[in-house]
Colleague: 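I have a structure here, written as structure tokens, and I will follow up with some questions on it.
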Amino acid sequence: QVQLVESGGGLVQAGGSLRLSCTASGLMFSVYAMAWFRQVPGKEREFVAVIGWSRANIVYADSVKDRATISRDNAKNTMYLQIDNLKPEDTADYYCAADRTLGASTDWSDYDYWGQGTQVTVSS
């Protein structure tokens, strides 16, 4: 059974930083592209960042570009997302997702597995 478990969310002041983690089990983590999406209740799920299986393929959404760093540790089956200079508009539920592909899709519908999400709240 595949499981993706996010952690690291919480309440942060604007300008602060947060590091989210996503630990996977039940799949061959190293061959999956891993991504972060976020969603505000009542709005569509939004792409944040993706890292391909080879780590060479990384894409960020314009909304977090220059503030976010996505990384992965295949030995630990874990992916990370660091966001610096957090803004109130970063407030959302953050989800990790896995896609068995050679690419790095930004489309949520391409992803096979999802975590339950971790909440991030940025206060102004």
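Values in this document were obtained by computation on a predicted structure and should not be read as measured data.
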Colleague: Look at the side chain of Thr118 and the backbone N and O of Gly9, then say whether any donor-acceptor pair between them is shorter than 3.5 Å.
Modeller: yes
Colleague: Taking Ile51 as the starting point, is it possible to reach Val31 by hopping between hydrophobic residues whose side chains are less than 4.5 Å apart?
Modeller: yes
Colleague: Running the 4.5 Å side-chain criterion over Ile, Leu, Val, Met, Phe, Trp and Tyr, what cluster does Leu102 land in, apart from itself?
Modeller: Trp53
Colleague: Minimum heavy-atom separation for Asn57 to Gly103, with atom names?
Modeller: ND2-C, 4.0 Å
Colleague: So which pairs with a foot in residues 80-93 pass salt bridge (charged side-chain N to carboxylate O under 4.0 Å, His left out), sequence neighbours left out?
Modeller: Arg38-Asp90, Arg67-Asp90
Colleague: Tyr32 versus Asp112: any side-chain heavy-atom pair under 4.5 Å?
Modeller: yes
Colleague: To the nearest 0.5 Å, what is the distance between CZ (Arg100) and OH (Tyr113)?
Modeller: 9.0 Å
Colleague: Do Ile70 and Met34 land in one hydrophobic cluster if side-chain heavy atoms of ILVMFWY residues count as linked below 4.5 Å?
Modeller: yes
Colleague: Determine whether Val48 and Leu81 make a side-chain contact, defined as any pair of heavy atoms from C-beta on separated by less than 4.5 Å.
Modeller: yes
Colleague: Is there side-chain contact between Met79 and Cys96, with at least one heavy-atom pair below 4.5 Å?
Modeller: yes
Colleague: Is there a donor in the side chain of Thr78 and an acceptor in the side chain of Thr23, or the other way round, less than 3.5 Å apart?
Modeller: yes
Colleague: Looking at side-chain heavy atoms only, is the closest gap between Ser124 and Gln13 below 4.5 Å?
Modeller: no
Colleague: May I ask you to check whether Ser105 and Asp107 show a side-chain donor-acceptor distance below 3.5 Å?
Modeller: no
Colleague: Would you verify whether the NZ or CZ of Arg72 falls within 45 degrees of the ring axis of Tyr80 while also being under 6.0 Å from that six-membered ring's centre?
Modeller: no
Colleague: Starting from Val59 and following side-chain heavy-atom contacts under 4.5 Å between hydrophobic residues (I, L, V, M, F, W, Y), which residues can be reached?
Modeller: Phe37, Phe47, Val50, Tyr95, Trp108, Tyr111, Trp114
Colleague: Shared ILVMFWY cluster between Met28 and Val2, side chains joined below 4.5 angstrom?
Modeller: yes
Colleague: In the structure I gave you, are the side-chain heavy atoms of Ser21 and Glu6 within less than 4.5 Å of one another anywhere?
Modeller: no
